Amino acid sequence: MPSNIPAASGEGGGVRSVQRAFGILSLLTEDRRTLTIREVVDETGLAKTTALRLLQTLEHMGLLWATPRGFTAGPALWRWAHLARSAWELPPETVQLMRELGARHRETVNLYVPRDVRRICIAQQESPQPLRHVVRVGDELPLWAGASSKVLLTQAPERLLVRVARSSPYGEAHVATLRAWIGQAARDGYAASHGEREPGLSAVAVPVNGGTRASAAALTLSGPTVRFTEDRVRKFAADLREAAERMSERGFDHPLT
């Protein structure tokens with residue numbers, strides 16, 4: 001790191017400085033495009049001098065840009081954004097399949113990939129209905145519940161199931177429930193969930209195969225439980241399977257798969 005990052009003794013201090021710097025960057029959102037020093041101090045708990053040194057370092061690296069209203073995203077992020085987009089962008093055919101699913105069923109379509117004890121949303125087509133389920137691309141959700149988790153964990157080793165269970169509100173005893181869910185998903189070829197992670201939220205998921213992995217990703221439809229009747233769940237599962245097979249035939253490749 002550049003020498004003008006706040007001084008810290010030892011490796012732990014250096015890691016802490018990096019975490020603080022990225023913590024500041026994460027305060028920027030679509031709704032908040034600029035940050036003042038006061039906002040950074042109030043929301044991070046950093047001393048004003050520390051916050052200012054970090055802001056100046058980020059500006060020096062081009063990751064932030066000083067304006068009369070505060071600090072905003074800097075031009076150096078364009079390069080990172082381009083690299084991320086080229087690595088994570090899905091093939092047009094996959095995006096079109098998700099759009100067709102969303103238009104046909106009027107529910108939110110998501111594509112998740114596993115990462116350790118969590119799953120990451122890498123693509124989404126929002127439902128057009130006022131009452132809908134929406135996550136942001138890049139959001140990380142837990143693997144201890146939800147339809148997509150059940151298909152992503154289908155061939156998970158025991159040690160991973162234990163870690164996933166420990167990350168849940170139920171502790172290691174949740175392993176038995178995970179095994180039962182996974183077994184049911186493997187037999188049915190799809191998984192459904194109703195209010196497991198959030199009350200009133202339901203989802204249906206199927207695996208998307210890629211390379212040598214049986215479940216490189218999970219393709220899902222999600223929305224309010226009241227709309228996920230037994231008949232609709234079966235219809236969702238059939239259409240999801242067809243779309244997932246077409247994705248797999250084209251070859252599903254992704255940085256996390």
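Note that the structure is a prediction, hence the values are computed from the model and not measured.
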Look at the side-chain heavy atoms of Ile, Leu, Val, Met, Phe, Trp and Tyr, link any pair under 4.5 Å apart, and say whether Trp65 and Leu52 land in one connected group.
no

Could you tell me if the side chain of Val95 sits less than 4.5 Å from the side chain of Gln125, heavy atoms only?
yes

Kindly determine whether Arg53 and Lys48 satisfy side chain to side chain contact (heavy atoms under 4.5 Å, CB included), including the steps that lead there.
CA-CA 9 Å; Arg53 285 199 298 270; Lys48 184 176 181 179; over 6 Å; no

Would you say Thr44 and Arg20 are linked by a side-chain donor-acceptor pair, where the criterion is simply a distance under 3.5 Å?
no

Going through the checks in order, is the salt bridge (charged side-chain N to carboxylate O under 4.0 Å, His left out) test met by Arg163 and Glu158?
CA-CA 9 Å; Arg163 293 179 56 236; Glu158 184 68 15; over 6 Å; no

Test ring pair (Phe, Tyr, Trp, His ring centres under 6.0 Å) applied to His133 - qualifying residues, sequence neighbours left out:
none

Between Leu111 and Val134, is there shared hydrophobic-cluster membership here, with clusters defined by ILVMFWY side-chain heavy atoms closer than 4.5 Å?
no

From Thr49 OG1 over to Ile37 CD1, what is the distance, rounded to the nearest 0.5 angstrom?
11.0 Å

Quickly, which of Leu153, Leu178, Leu161, Asp116 forms a side-chain contact (heavy atoms from CB on, under 4.5 Å) with Leu143? Name it, please.
Leu153

Check the surroundings of atom CZ in Arg33: do more than 12 heavy atoms from other residues, nucleotides or ligands lie under 6.0 Å from it?
no

Can you sort out the partners of Arg241 under side-chain hydrogen bond (donor to acceptor under 3.5 Å, both in side chains), two or more places apart, ordered by chain and number?
none

Check the surroundings of atom CD in Glu230: do more than 12 heavy atoms from other residues, nucleotides or ligands lie under 6.0 Å from it?
no

With a 4.5 Å limit on heavy-atom distance, are the side chains of Val41 and Arg38 in contact?
yes

Quick check: do Phe71 and Val40 have side-chain heavy atoms less than 4.5 Å from each other?
no

Would you check if the side chain of Ser168 reaches a backbone N or O of Trp144 as a donor-acceptor pair within less than 3.5 Å?
no

Using modelled atom types and a 3.5 Å cut-off, is there a donor and acceptor pairing between side-chain atoms of Thr220 and backbone atoms of Ser222?
no

How close do Arg32 and Leu35 get, heavy atom to heavy atom, and via which atoms?
NE-CD2, 3.6 Å

If we only count heavy atoms from C-beta on, is the Glu140 to Arg119 side-chain gap below 4.5 Å?
no

Can you tell me how far the CZ atom of Arg136 sits from the CG atom of Asp139, to the nearest 0.5 Å?
4.5 Å

Do the side chain of Gln124 and the main chain of Val135 share a donor and acceptor less than 3.5 angstrom apart?
yes

To the nearest 0.5 angstrom, please state how far the OG1 atom of Thr57 sits from the CD1 atom of Ile24.
9.0 Å

Note: Ala192 and Val233 closest approach over all heavy atoms is CB-CG1, 4.2 Å

Where do Thr225 and Gly195 come nearest, in terms of heavy atoms and distance?
OG1-N, 4.4 Å

Tell me every residue that passes side-chain hydrogen bond (donor to acceptor under 3.5 Å, both in side chains) with Glu245, counting only those two or more places apart in sequence or in another chain.
none

Cluster overlap Val18 with Leu77, hydrophobic side-chain contacts below 4.5 Å
yes

Could you check whether any side-chain heavy atom of Glu39 comes within less than 4.5 Å of a side-chain heavy atom of Leu27, counting everything from C-beta outward?
no

Gap separating the CG atom of Leu221 from the CG atom of Leu240, nearest 0.5 angstrom:
4.5 Å

Who passes side-chain hydrogen bond (donor to acceptor under 3.5 Å, both in side chains) against Arg187, sequence neighbours left out?
Gln184

What closest approach, in Å, do Ala244 and Val208 show between heavy atoms, and which atom pair accounts for it?
CB-CG2, 4.0 Å

Would you mind reporting whether Gln129 and Leu131 have side-chain heavy atoms less than 4.5 Å apart?
no

Please report the interatomic distance CG(Asn110) to CD1(Ile122), rounded to the nearest 0.5 Å.
10.0 Å

Applying the 4.5 Å side-chain criterion to the ILVMFWY set and letting contacts propagate, would Leu201 and Leu219 be lumped into a single cluster?
no

How far apart are the closest heavy atoms of Ala21 and Leu54, and which atoms are they?
CB-CD2, 4.1 Å

If you measure from the Lys or Arg side-chain nitrogens to the Asp or Glu carboxylate oxygens, is any gap between Arg132 and Glu107 under 4.0 Å?
no

Phe236: which residues meet the ring pair (Phe, Tyr, Trp, His ring centres under 6.0 Å) condition with it, sequence neighbours left out?
His105, Phe228

Looking at side-chain heavy atoms only, is the closest gap between Val151 and Val206 below 4.5 Å?
no

Side-chain heavy atoms under 4.5 angstrom apart, residues restricted to Ile, Leu, Val, Met, Phe, Trp, Tyr: same cluster for Leu152 and Val117?
yes

Nearest-0.5 Å distance, CG of residue Asp239 to CZ of residue Arg104
5.0 Å

Where do Ala191 and Ala185 come nearest, in terms of heavy atoms and distance?
CB-CB, 3.9 Å

Do any N or O atoms from the side chain of Arg246 and from the backbone of Leu97 form a donor-acceptor pair under 3.5 angstrom?
no

Does anything in residues 189-198 pair up under side-chain hydrogen bond (donor to acceptor under 3.5 Å, both in side chains), and if so which pairs, sequence neighbours excluded?
Lys150-Glu196, His194-Ser202

Any side-chain to backbone donor/acceptor pair from Thr108 onto Ser127? Under 3.5 Å, distance only.
yes

